Amino acid sequence: MIASHPSFIFLRYPIRDSSQPLKAILTQLARIKTGFARFPVDALILSWESSTLISAFEKPLKRENVKHYKALIREWGHSHSVWYYSRQIIHNIEWLTERGVRVFTIAGNGGSGMVNTFSFASGVITVGASEPELSHFIANNVFVDHFANAVYEPIRVDNNQGQPRGYDLNNDACIDIPVNRLSSYYSSDVQLSRKPWPILKGSSFAAPAAMKASFIKHSQICQSDDSA
């Protein structure tokens, strides 16, 4: 919903195996590669992280040493499946970026001492939070390339009669979630809050915002109430 725009067409590759999400991501990246000749993509949002302590590599991190960091991940992958899948995901990201695909991943939500190892992929765009108050929560290191809003507070949008029409997520006065898409839509006794809690918070929300901004500049186009 944050990245949506009338000129975009989204292809969804959901993570269906919650027990092995990195393996599932790798499977879906393989699908994208297999169908790329017939169904090329312009961008990929990978709002996921495979993070570890920066000190596992060196502190501070240095971009010029990224080959060494990837070699360490490859070595760890001989003993641990999480790092095997992480290295393969990095390899697949690089396959896409070599073909001009803009791949957006996240800085990660582990705090200042962590790094998302997907950031090591050549050509990837790593997105952190533009809100300085989130520095304790969202990582920010030399591999973070862009910053975007990572906090979204839904605000109710009413019609001229004061009846709720839906919720605006990004403060652009557009309805991102129409009332007929709410789980409580058919409950007549439910009072819809003007500012519901909790808010959306995390670098996973910053990545789609950065992707949209890279393609669409200063867009104020609202979609119809029938879509989210």
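Computed from heavy atoms alone, side chains included, the values below leave out hydrogens, waters and symmetry copies. Computed from a predicted model, the values in this text were never measured in an experiment.
For the pair Lys201 and Tyr152, the cation does not sit on the ring face, since its NZ or CZ is not both under 6.0 Å from the ring centre and inside 45° of the axis. Taking the ring centre of Phe215 as origin, the terminal cationic atom of Arg102 falls inside the region bounded by 6.0 Å and 45° from the ring axis.
The local environment of NZ in Lys33 is crowded, with over 12 non-hydrogen atoms from other residues, nucleotides or ligands closer than 6.0 Å.
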Ile2 vs Phe205, test: side chain to side chain contact (heavy atoms under 4.5 Å, CB included). Steps then yes/no.
CA-CA 7 Å; Ile2 294 169; Phe205 303 112; 3.7 Å; yes
Test log, rule side chain to side chain contact (heavy atoms under 4.5 Å, CB included), inputs Ile106 and Thr126:
CA-CA 5 Å; Ile106 64 176; Thr126 303; over 6 Å; no
Leu29 and Leu44: CA distance, side-chain angles, deciding distance, side chain to side chain contact (heavy atoms under 4.5 Å, CB included) verdict:
CA-CA 10 Å; Leu29 287 172; Leu44 171 69; 3.8 Å; yes
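Between Phe8 and His5, the ring planes are tilted. Angles from 30° to 60° get that label.
Checking Thr105, Thr117, Leu26 one by one against Ile89, the side-chain contact (heavy atoms from CB on, under 4.5 Å) holds for a single residue, Leu26. The only option from Phe120, Trp76, Tyr69 that meets the ring pair (Phe, Tyr, Trp, His ring centres under 6.0 Å) definition with Trp83 turns out to be Trp76. Applying the side-chain contact (heavy atoms from CB on, under 4.5 Å) test between Ile15 and each of Thr27, Leu22, Ile25 identifies Ile25 as the sole match.
Counting heavy atoms from C-beta on, the side chains of Asn140 and Ser135 never come closer than 4.5 Å.
Checked by atom type and distance alone, the side chain of Thr97 never pairs as donor or acceptor with a backbone atom of Val124 at under 3.5 Å. Using a distance-only test at 3.5 Å, with no hydrogens or angles considered, a donor-acceptor pair links the side chain of Arg156 to the main chain of Leu192. For Asp168 (side chain) and Ile155 (main-chain N/O), no donor-acceptor pair under 3.5 Å exists by modelled atom type. Listed for the Lys195 side chain is no donor-acceptor partner under 3.5 Å among the backbone atoms of Pro154. Between the side chain of Glu131 and the backbone N or O of Ala150, at least one donor-acceptor pair lies under 3.5 Å.
A distance of 9.5 Å separates CD in Glu133 from CD1 in Ile138, rounded to the nearest 0.5 Å.
Taking the six-membered ring for Trp, Phe104 and Phe118 have ring centres at least 6.0 Å apart.
If you chain together hydrophobic residues whose side chains sit under 4.5 Å apart, Leu169 and Tyr167 fall into the same group.
With sequence neighbours left out, Tyr85 forms a ring pair (Phe, Tyr, Trp, His ring centres under 6.0 Å) with no residue at all. For Phe36, the ring pair (Phe, Tyr, Trp, His ring centres under 6.0 Å) criterion is met by Trp95, not counting sequence neighbours.
Between Asp145 and Arg63, at least one side-chain nitrogen of the basic residue sits less than 4.0 Å from a carboxylate oxygen of the acidic one, meeting the salt-bridge criterion. With respect to Glu94 and Arg99, no salt bridge is recorded, no charged nitrogen being found less than 4.0 Å from a carboxylate O.
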